[in-house]
Amino acid sequence: METGAQDGIVVAPSPPGDGRLADNIVLFGRALRKAGLKIGPGAIADAIEAVEAIGIGSREEFHAALCSAFVKRHEDLAVFDEAFRLFWRSRDLVAKMIAMMSPVAPDHREKEKPKPGESRASDALLNDRGDRRPPRETPDIEIDARFTSSGSELLRHLDFAQMSAAEIAYARKELEKLQLPLDRVRTRRFTPSLMPAKVDPRATMRSALRTGGALILPRFRRPKEIQPPLVVLADISGSMSQYTRIFLHFLHVLTERRRRVHTFLFGTRLTNVTRAMRHKDPDQALDECAAAVRDWSGGTRIGETLKEFNLIWARRVLGQGAIVLLITDGLEREGVELLAQEMDRLHRSCRRLIWLNPLLRFDGFEARARGVKAMLPHVDEFRPVHNLLSLADLVSALTAGRADAYDPRRFLGKK
């Protein structure tokens with residue numbers, strides 16, 4: 001089998017049986033595993049056998065052979081393509097030197113938007129390359145940390161709007177570690193039970209028919225419990241732009257680990273992004289959400305969007321004790337009467353309505369805005385949502401039930 005560079009595939013020339021190409025495929029498989037793909041030793045062995053079977057004819061054939069062995073899920077294809085482009089790129093030094101010495105006109109074209117999975121693939125390859133560097137001797141520095149706070153604890157209280165890029169990346173990893181709620185509601189349907197709770201006549205007679213009525217053993221049933229649907233209405237207007245990205249990561253974690261999560265984004269119009277959020281890869285999911293929404297970081301029309309939701313989507317998603325999470329700052333200037341009317345209708349249609357407002361991060365917050373005054377009487381809980389700690393409290397509250405500390409009546413002067 002030829003192991004030279006063909007059509008941009010770089011493999012150092014070596015005699016047959018040297019295994020240089022196989023080593024490169026092994027390294028490529030490790031990089032894909034670091035990027036999030038589920039790859040084991042068997043997949044790497046299959047990839048080597050596939051390349052040996054078809055030979056290296058072209059870059060497209062080589063890509064197809066590795067893709068058939070490594071990609072098991074559709075959502076991993078974007079990460080694989082980007083990792084393949086970075087790992088198997090051409091290293092022709094002569095061509096690079098000619099390109100460097102040749103005059104190049106300045107490029108005034110708009111920079112291409114990063115592809116989904118590009119950051120994960122590049123980080124995996126760079127980290128894998130950095131692991132093979134020789135360790136650098138550094139002096140040992142002893143720090144007395146007895147009177148200092150943990151860095152992770154400080155980040156849990158840090159506002160999302162004040163986080164740097166590295167801190168936001170850390171916050172995304174922490175969101176994936178959240179323990180999702182185990183809240184369940186009792187339905188009208190029944191399920192078989194081994195405990196003698198309530199006799200199931202139909203199941204009992206069906207069991208007796210199998211023996212011709214010679215043996216009648218009672219069968220039991222109990223009320224069926226399910227997780228209620230979770231409906232999220234998230235504001236993506238300009239005033240919420242500092243929190244939108246991290247909120248979408250939180251919603252992606254909920255959608256991935258919990259069934260029947262419906263996500264709607266609104267600014268001046270309502271957009272259903274439930275299908276986009278079900279994508280396994282978070283970068284691809286957020287990229288599809290951005291492509292579906294046309295009014296990103298624009299104005300706000302809360303009353304009109306809630307009216308559209310109540311008219312078109314309420315009967316479809318608000319059933320079986322649904323919980324609604326409304327994420328907005330409530331800064332509505334027009335149509336306050338319509339806003340109050342639609343909020344009341346939404347409140348009556350769901351089992352529990354929780355309003356998440358990042359403005360509650362201020363200690364001196366008061367319900368002075370007209371939109372806030374119109375919305376508060378129609379919510380069950382009024383919670384802050386500006387850091388990791390508030391999101392963790394929200395997840396716990398979905399299981400624990402209503403908390404008096406977040407009663408909205410305390411902002412309306414009622415007890």
Side-chain angles (χ1 to χ4, degrees), residues 160 181 183 228-237 239-241 243-244 246-248 250-251 254-255 258 260-274 277 289 293 295 299-314 316-319 321-333 335-336 338-361 365 367 369-386 390-391 393-395 397-398 401-403 406-409 411-412:
F160 291 139
D183 54 322
L230 187 63
V231 181
V232 183
L233 299 171
D235 189 351
I236 56 170
S237 61
S239 58
M240 297 284 293
S241 59
Y243 301 92
T244 301
I246 195 69
F247 287 165
L248 289 180
F250 170 67
L251 298 179
L254 287 179
T255 306
R258 182 187 175 112
R260 298 194 299 174
V261 177
H262 307 277
T263 305
F264 297 84
L265 305 181
F266 69 90
T268 57
R269 64 183 68 185
L270 185 70
T271 306
N272 185 3
V273 295
T274 302
M277 294 298 290
C289 288
V293 177
D295 56 341
T300 311
R301 299 174 61 186
I302 306 177
E304 292 292 339
T305 53
L306 290 182
K307 180 180 179 180
E308 181 180 355
F309 175 81
N310 291 330
L311 182 62
I312 300 177
W313 297 101
R316 304 183 188 183
V317 298
L318 296 183
I323 301 176
V324 178
L325 301 181
L326 180 60
I327 307 176
T328 180
D329 51 13
L331 300 181
E332 176 81 342
R333 297 181 180 180
V336 178
L338 176 63
L339 176 60
Q341 178 182 350
E342 297 302 328
M343 281 292 298
D344 179 63
R345 182 178 177 182
L346 178 62
H347 189 205
R348 295 174 183 271
S349 302
C350 63
R351 180 171 63 93
R352 190 176 173 192
L353 178 56
I354 302 177
W355 181 8
L356 307 176
N357 193 336
L359 295 181
L360 281 179
R361 67 185 186 274
F365 175 82
R370 297 177 58 193
V372 176
K373 291 181 179 179
M375 296 172 65
L376 274 180
H378 309 290
V379 298
D380 297 313
E381 294 184 35
F382 191 38
R383 289 178 167 272
V385 55
H386 60 286
S390 60
L391 290 178
D393 292 341
L394 170 64
V395 171
L398 293 178
R402 182 173 179 177
Y406 300 101
D407 193 341
R409 292 178 296 179
F411 293 97
L412 297 174

*Asks:* Can you tell which of E342, M343, H347, Q341 makes a side chain to side chain contact (heavy atoms under 4.5 Å, CB included) with R345?
*Replies:* E342
*Asks:* I need the I302 CD1 to F309 CZ distance, nearest 0.5 Å.
*Replies:* 14.5 Å
*Asks:* Could you check whether any side-chain heavy atom of L306 comes within less than 4.5 Å of a side-chain heavy atom of F266, counting everything from C-beta outward?
*Replies:*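 Answer no - side chains too far apart.
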*Asks:* Is there side-chain contact between M240 and T300, with at least one heavy-atom pair below 4.5 Å?
*Replies:* no
*Asks:* Just wondering, do L270 and W313 contact through their side chains at under 4.5 Å, heavy atoms?
*Replies:* yes
*Asks:* State, with a plain yes or no, whether a side-chain heavy atom of L318 is found less than 4.5 Å away from one of L346.
*Replies:*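 L318 vs L346: side chains touch.
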*Asks:* Rounded to the nearest 0.5 Å, how far apart are CE of M375 and CG of L326?
*Replies:*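 Answer for the CE-CG pair, M375 versus L326, is 4.5 Å.
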*Asks:* Verify, without hydrogens or angle tests, whether T274 (side chain) and T263 (backbone) share a donor-acceptor contact under 3.5 angstrom.
*Replies:* yes
*Asks:* Is P229 close to V317 at the side-chain level, that is, under 4.5 Å between some pair of heavy atoms?
*Replies:* no
*Asks:* Evaluate the criterion side chain to side chain contact (heavy atoms under 4.5 Å, CB included) for residue pair L356 and F247; output intermediate values, then yes/no.
*Replies:* CA-CA 11 Å; L356 307 176; F247 287 165; over 6 Å; no
*Asks:* Side chains of L248 and L265: does their closest heavy-atom pair fall under 4.5 Å?
*Replies:* yes
*Asks:* List the steps, then state whether salt bridge (charged side-chain N to carboxylate O under 4.0 Å, His left out) holds for R352 with E381.
*Replies:* CA-CA 8 Å; R352 190 176 173 192; E381 294 184 35; 2.5 Å; yes
*Asks:* I want to check something: taking the side chain as every heavy atom from C-beta on, are D380 and I354 in contact at a cut-off of under 4.5 Å?
*Replies:* no
*Asks:* What distance do W355 atom CH2 and L376 atom CG have between them, rounded to the nearest 0.5 Å?
*Replies:*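 W355 atom CH2 to L376 atom CG measures 5.0 Å (nearest 0.5 Å).
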*Asks:* Output all residues satisfying salt bridge (charged side-chain N to carboxylate O under 4.0 Å, His left out) with R260, sequence neighbours left out; order by chain, then residue number.
*Replies:* none
*Asks:* Might you work through the side chain to side chain contact (heavy atoms under 4.5 Å, CB included) test for V261 and M277, ending with a clear yes or no?
*Replies:* CA-CA 9 Å; V261 177; M277 294 298 290; over 6 Å; no
*Asks:* What is the distance from atom CZ of F250 to atom CD1 of I327, rounded to the nearest 0.5 Å?
*Replies:* 7.0 Å
